[in-house]
Amino acid sequence: MVAKSGELKVLVIEDNPGDFILIEDYLSEEHAALELRRAENFKMAKEILHTSGNFDTVLLDLSLPDIKNTETLVKEILALSNGAPVVVLTGYTNKDYGMKTLSWGVSDYLLKDEINASNLSKSIHYSMERKKVQRQLYESEEKYRTLFDSSPLPKWVLDRHTLEFLDVNQAAINLYGYTREEFMKMTVRDLWVDDKDKIEQTVEDNFHDFFSIRVKHYTKSRKLIFIDVQSNPIIFGGREARVTLAHNITEKLKAEEKLRHSQQRFKALVQDGSDVISILDENFNYTYISPSARNILGVNPEKLEGSNAFKYIHNEDRPYIEDKIKFIGKVKSFQLPSYRYRNGEGEWRWLETIISDLRDDPAVNGLVATSRDITSFKIQEKELRESLERYDIVAKATSDLITDYNIENDTFQFSNAIYDTFGYSPEELGTSRKWWEERLHPEDYERVTKEAKEVFSNQKKLLNIEYRFKCADGNYKYILDRSYVISDAEGKPSRIIGSVQDITERRKYINAIERSNERLREIAWTQSHVVRAPLARIMGLIDLLKNQRNNLDNIEEIIDNILNSSEELDKVIRKITNKTEEDF
């Protein structure tokens, strides 16, 4: 008999009041604290389970007046029971039917004729315990599933005999590129690259044991990856299986390989590199200097050891170095100002040095100085500074706009004259070739871009062209663009340096002269054609009067013709005068 326990909350779904009273008596014998509720039909049971819930057990009679399909009844109550065990009470003696209800999910199947206080109580408690164990098992499986699926490292489960995939996590899917469905049709052998016999032997030798091995795998895209495998034997769904953790070490091996190459390069740099590596004590005496000093400074490294570094530094540069080395002990690494250093031939070379304080490193026990010869750079820097100074003077001395176009980057740089010349603010100013071309006058666009293309195709080195360019206020200015093409080491155009001059006023003056010349040409044509006709008539008529005046009968008519021709000539002369006044 089960010992009396704490409060038991039971829902009895039973339409027969006599059976309910009998159940109540049985349970009261076993439990001092009992909360018992009755549902007389399926509808009432649903309402109670919806509103009350949280019963420890549900006792279900399969013969209810409002539902005839027992399978539907059982499954509905199971769904509404909120995880509480459901014990079926029935008058049916068919054991096969009882097994069937158990398959639907009920916890126990009891015949009413065989029920007594003891076995009913035991059934309830056993059902509750089974449900508790099932819940714990489910939670355990959920935790396993969560750990398995959410692991950032690829994991899979294999059949121990066939090596077929039984399960894979998302990390494995992401790494290998196969879908879960594709994995389920594969064996792990499909991933192997080589050493297959060795892997097979390892699996066989450790059939019941843990093992680890490094292998090479192919992903779905045939990418080669290196994997550290750790595999444990387990029972999975009743099958002998292995759970495998796959650690992708491809990047790690690449990093190790890079480290080896780096170490080799470092050794090469120290021995034959372009930098001089030296170790100095606290007084700046050389304790070591790399063999590269022979090629770079023309000195024997062995002869320098023991000597003081300041002995070879130019007197004018020593104060800057002494001021900087005050940081020793305060910072781990710092750079010295560039200084002049006397080489083996007595010449002064410019050096750039970084000091690293490694006195606390027993392998070094000193100050590591990495020095580079920057003499050529210093000479170029001086030449560049002088060139920039000249450029700055020229830019200030002229009102021309200086442009520098980088062909590869498609970027313009302008001198400050751009603002006064075209009126654009820094925010409105573009730097691309497209920005410049968009502001060409439509009538000049085709001509200018055609000549520019010849520059970009390396057919021309010089560009000298006049065109109109749009200003910020929408008006156009005439400009003279004189540009020179600079090529790179391969002979391809890389930059275009230009000088842009505002010739608007000059162009207006030239246009005015051209218009004046055109009018003068019209006047000259008028003089040579229009004036000569009436003048010739007048001269002919006067000559007729002079030579034939005694024999002429129509003198009045001739005089009228002379007068008409004179008036016509007067009109032409006035027209010429008006055109002249329009110009001047």
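Start at 1 with the first residue, then count along the sequence. Any value given below was found using the heavy atoms of this structure, including those in side chains, with hydrogens, waters and symmetry copies removed. Just so it is clear, the model here is predicted, and its values are computed rather than measured.
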Quiz prompt | Lys/Arg N to Asp/Glu carboxylate O, Glu181 vs Lys185, below 4.0 Å | solution = no

Next on the checklist: Would you say that Ile279 contacts Val364 through its side chain, given a criterion of any heavy-atom pair below 4.5 Å between the two side chains?
Outcome noted: yes

Counting only heavy atoms not in Glu257 (residues, nucleotides, ligands), do more than 12 fall under 6.0 Å from its CD? yes

* Hey, are the side chains of Val368 and Ile355 touching, using non-hydrogen atoms and a 4.5 Å cut-off? -> no

Are Asp400 and Arg482 within salt-bridge range, i.e. N to O under 4.0 Å? yes

When rounded to the nearest 0.5 Å, the distance separating CG of Leu367 from CG of Leu358 is 8.0 Å

**Asked** So, Tyr341 versus His314, ring centres under 6.0 angstrom or not?
**Response** no

Taken in chain and number order and not counting sequence neighbours, the residues that satisfy side-chain hydrogen bond (donor to acceptor under 3.5 Å, both in side chains) with Thr179 are Glu182

For Lys324 and Gln335 the tightest heavy-atom approach is CE-O, 3.1 Å

Exercise. Say whether, by atom type as modelled, one donor and one acceptor occur between the side chain of Thr250 and the main chain of Phe226 under 3.5 angstrom.
Key: yes

dist Ile321:CD1 -> Thr353:OG1 (nearest 0.5 Å) comes out at 7.0 Å

Lys155 backbone acceptor or donor facing Asn169 side chain under 3.5 Å = yes

For this session: Measure the shortest side-chain to side-chain distance between Ser371 and Tyr339 over non-hydrogen atoms and say whether it is less than 4.5 angstrom.
Result: yes

Quick one: are Pro426 and Tyr419 in side-chain contact, heavy atoms under 4.5 Å? yes

All heavy atoms of Gly329 vs all of Asp357, minimum pair found to be N-OD2, 3.6 Å

**Asked** Are Arg439 and Tyr424 close enough that some pair of their side-chain heavy atoms sits under 4.5 Å apart?
**Response** yes

Requested in this report: Tell me yes or no: between the side chains of Thr411 and Asn409, is some donor less than 3.5 Å from an acceptor?
Outcome: no

| message | Does Met184 form a side chain to side chain contact (heavy atoms under 4.5 Å, CB included) with Val168? I'd like the steps, not just the answer. | response | CA-CA 8 Å; Met184 294 303 104; Val168 292; 4.2 Å; yes

Smallest heavy-atom separation, Leu245 atom then Leu153 atom, equals CD1-CB, 3.5 Å

Ring pair (Phe, Tyr, Trp, His ring centres under 6.0 Å) pairs touching residues 475-508, sequence neighbours excluded, are His441-Tyr476

**Item:** Trp192 and Val215, any side-chain heavy atoms less than 4.5 Å apart
**Value:** no

Separation between CD1 (Ile354) and CZ (Arg372), nearest 0.5 Å, reads 8.0 Å

Output for pair (Thr375 OG1, Arg349 CZ), nearest 0.5 Å, gives 3.5 Å

dist Phe211:CZ -> Gln230:CD (nearest 0.5 Å) comes out at 10.5 Å

Short side-chain donor-acceptor distance under 3.5 Å, Lys378 and Ser338:
yes

Give a yes or no answer on whether the side chain of Asn343 reaches the backbone of Gly346 with a donor-acceptor pair at less than 3.5 Å. yes

Is there a ring pair (Phe, Tyr, Trp, His ring centres under 6.0 Å) between Trp348 and Tyr312? Walk through the geometry before answering. CA-CA 9 Å; Trp348 293 107; Tyr312 306 95; 9.6 Å; no

One should read off an interatomic distance between Ile497 CD1 and Ile402 CD1, to the nearest 0.5 angstrom, of 9.0 Å

Pair Arg180, Asp167 - check salt bridge (charged side-chain N to carboxylate O under 4.0 Å, His left out), show working. CA-CA 8 Å; Arg180 188 179 302 277; Asp167 199 3; 3.5 Å; yes

Next on the checklist: Treating Asp361 as the side-chain partner and Asn365 as the backbone partner, does any N or O pair qualify as donor plus acceptor under 3.5 Å?
Outcome noted: no

In terms of heavy-atom contacts, Thr449 and Glu446 come closest through OG1-O, 3.2 Å

Heavy-atom closest pair (Asp275 atom, Ser290 atom, distance to 0.1 Å) is O-OG, 4.1 Å

Residues pairing under salt bridge (charged side-chain N to carboxylate O under 4.0 Å, His left out) where one sits in residues 293-316, two or more places apart or in two chains, turn out to be Glu316-Arg340

Across all chains, not counting sequence neighbours, the side-chain hydrogen bond (donor to acceptor under 3.5 Å, both in side chains) partners of Asn174 are Gln170

By side-chain hydrogen bond (donor to acceptor under 3.5 Å, both in side chains), Ser494 pairs with (sequence neighbours left out) none

Residues at least two apart in sequence or cross-chain that pass ring-ring contact (aromatic ring centres under 6.0 Å, His included) with His247, listed by chain then number, are none

Margin query: Can you confirm whether the side chains of Asn285 and Thr287 place a donor and an acceptor under 3.5 Å from each other?
Written below: no

**Report entry** NZ or CZ of Arg222 within 45° of Tyr218 ring axis and under 6.0 Å
**Finding:** yes

Arg468 meets the salt bridge (Lys or Arg N to Asp or Glu O under 4.0 Å) criterion, sequence neighbours left out, with Glu443, Asp444

Check: Phe414 ring centroid to Phe412 ring centroid under 6.0 Å: yes

- prompt: Just by modelled atom types, is the Asn283 backbone N or O under 3.5 Å from a matching donor or acceptor in the Asn308 side chain?
  reply: yes

Taken in chain and number order and not counting sequence neighbours, the residues that satisfy ring-ring contact (aromatic ring centres under 6.0 Å, His included) with Phe469 are Phe422, Trp436

Query - Check ion pair Arg359-Asp281 (N to O, under 4.0 angstrom) - result: no

Please test Ile199 against Val188 for side chain to side chain contact (heavy atoms under 4.5 Å, CB included), starting from the C-alpha separation and ending with a verdict.
CA-CA 11 Å; Ile199 302 171; Val188 75; over 6 Å; no

Quiz item: Under 4.5 Å between any side-chain heavy atoms of Asp481 and Ser483, yes or no?
Solution: yes

Residues passing the ring-ring contact (aromatic ring centres under 6.0 Å, His included) test with Tyr445, sequence neighbours excluded, are none

What one should report as the nearest heavy-atom pair of Thr421 and Lys477 is O-NZ, 2.7 Å

By side chain to side chain contact (heavy atoms under 4.5 Å, CB included), Arg214 pairs with (sequence neighbours left out) Asp228, Ile249, Leu253

Only residue of Phe165, Phe183, Tyr178 satisfying ring pair (Phe, Tyr, Trp, His ring centres under 6.0 Å) with Trp156 is Phe165

Sorted by chain and number, sequence neighbours left out, side-chain hydrogen bond (donor to acceptor under 3.5 Å, both in side chains) with Lys223 holds for none

- Side-chain contact test, heavy atoms from C-beta onward, threshold under 4.5 Å: evaluate it for Thr244 versus Val157 and give yes or no. no

Applying ring-ring contact (aromatic ring centres under 6.0 Å, His included) to Phe284 and not counting sequence neighbours gives Phe310

